[in-house]
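Reading through the structure tokens given below for one structure.
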Amino acid sequence: SFGLLQIPESILPALKATGSTTITPGMESEWMKQFSHLMETLLRDGIPTQMVRCAMISGLLSVALPRHQAAKQAQRMELAPIPPYHAWYIPTQIGYYMAGAFAASLLLMLMSQGPGMLLLFRIVWAAISCALAVQGGSVLVFIMRRNGSRRTSRILAVVALAVFLNAVLIVLGLADQLLNLRRLRVRPEHARDEEDER
């Protein structure tokens, strides 16, 4: 094995018998096929899903950063204030839409078995997993704040998990979405009671 490229199994016995490490024309041809397949997979699946994730993150930052900077400098803005990151969550109604989009794309992929529907499913999942990961980071910050951790350690923990163990953030976000772990969402009946009290 050389990184992402594998030595064809048909050539391995000859290499072991001779002890040679010379790249033969057969190995070169096989590696070119593997490299072409790797690039095709990256262009077909990897780039579109990463574009979706980057677009969502950049859009989120373009909304959050100006408000945060203005609040930090005590400037007046005609924009609704944004809650601190540890209080971010996906509204219940949006969560229903996300679940519906996931189910629909999964059903279409299973019914068609075509590359187009597979790409659609991956793009939908990229968007949903990105939103859940952001919420999972919010849950992590919420827990660490309650335990008295420093702001720097919270930032480093979220960044480290986002880069190396993104699935952990997705699971945290999904758990909070389903179980309301932080009790931030107000149930409809409670919301009506609050409005009546006003």
Side-chain angles (χ1 to χ4, degrees), residues 41-42 44-72 79-110 117-192 194:
T41 303
L42 176 63
R44 186 183 65 239
D45 302 330
I47 292 180
T49 55
Q50 291 303 319
M51 287 177 64
V52 171
R53 290 191 178 101
C54 290
M56 293 185 64
I57 294 297
S58 61
L60 185 62
L61 292 177
S62 67
V63 173
L65 289 181
R67 288 171 167 81
H68 174 73
Q69 191 66 22
K72 189 176 181 181
L79 297 174
I82 189 168
Y85 181 52
H86 66 268
W88 288 12
Y89 63 90
I90 300 171
T92 303
Q93 192 69 22
I94 301 299
Y96 291 150
Y97 294 151
M98 290 169 55
F102 176 79
S105 61
L106 178 62
L107 183 61
L108 287 173
M109 182 192 69
L110 295 176
M117 291 298 102
L118 176 60
L119 178 59
L120 173 64
F121 171 77
R122 287 177 175 172
I123 289 176
V124 171
W125 170 243
I128 293 174
S129 62
C130 181
L132 291 175
V134 171
Q135 180 163 313
S138 176
V139 175
L140 179 63
V141 171
F142 180 87
I143 296 172
M144 294 182 70
R145 283 183 81 254
R146 293 187 63 179
N147 293 330
S149 63
R150 294 184 178 181
R151 184 170 183 267
T152 303
S153 62
R154 297 196 296 267
I155 293 175
L156 290 177
V158 172
V159 171
L161 285 179
V163 174
F164 300 108
L165 290 171
N166 191 51
V168 174
L169 294 182
I170 295 174
V171 171
L172 273 176
L174 182 61
D176 184 60
Q177 188 66 26
L178 296 176
L179 304 176
N180 194 17
L181 299 176
R182 295 172 289 173
R183 301 294 186 266
L184 295 179
R185 295 181 190 82
V186 179
R187 294 182 179 179
E189 57 270 17
H190 292 171
R192 286 194 295 269
E194 291 179 0

Identify the residue among Val139, Val134, Leu132, Leu161 that makes a side chain to side chain contact (heavy atoms under 4.5 Å, CB included) with Leu169.
Leu161

In Å and rounded to the nearest 0.5 Å, what is the CD1 to CD distance from Ile123 to Gln50?
11.5 Å

Let me confirm one number: the CZ-CG distance from Arg182 to Asn180, rounded to the nearest 0.5 Å.
8.5 Å

Tightest non-hydrogen contact, residues Val158 and Gly137, listed as CG2-O, 3.9 Å

Checking side-chain contact (heavy atoms from CB on, under 4.5 Å) for the pair Cys130/Ile57: CA distance, chi angles, key distance, verdict?
CA-CA 8 Å; Cys130 181; Ile57 294 297; 3.7 Å; yes

The single option from Leu184, Val141, Leu60 that satisfies side chain to side chain contact (heavy atoms under 4.5 Å, CB included) with Trp88 is Leu60

Check Ala55 against Ser58 and note the closest heavy-atom contact, atom names and distance.
O-OG, 3.0 Å

Test your reading of the model: is there a side-chain donor-acceptor pair from Arg154 to the backbone of Ser149, 3.5 Å cut-off?
yes

Is there a donor-acceptor pair under 3.5 Å between the side chain of Tyr89 and the backbone N or O of Ser138?
no

So, for Ala131 and Met98, which heavy atoms are closest and what is the spacing to 0.1 Å?
CB-CE, 4.1 Å

From Leu108 CG over to Leu118 CG, what is the distance, rounded to the nearest 0.5 angstrom?
12.0 Å

Could you grab the distance from atom CG of Leu107 to atom CE of Met117, nearest 0.5 Å is fine?
11.0 Å

Are the side chains of Leu110 and Leu106 in contact, using a 4.5 Å heavy-atom criterion?
yes

Looking only at heavy atoms, the pair that brings Ile90 and Gln135 closest together is N-OE1, 2.6 Å

How long is the straight-line distance from CG of Leu119 back to CZ of Arg122, given to the nearest 0.5 Å?
8.0 Å

Does some side-chain heavy atom of Met144 sit less than 4.5 Å from a side-chain heavy atom of Ile155?
no

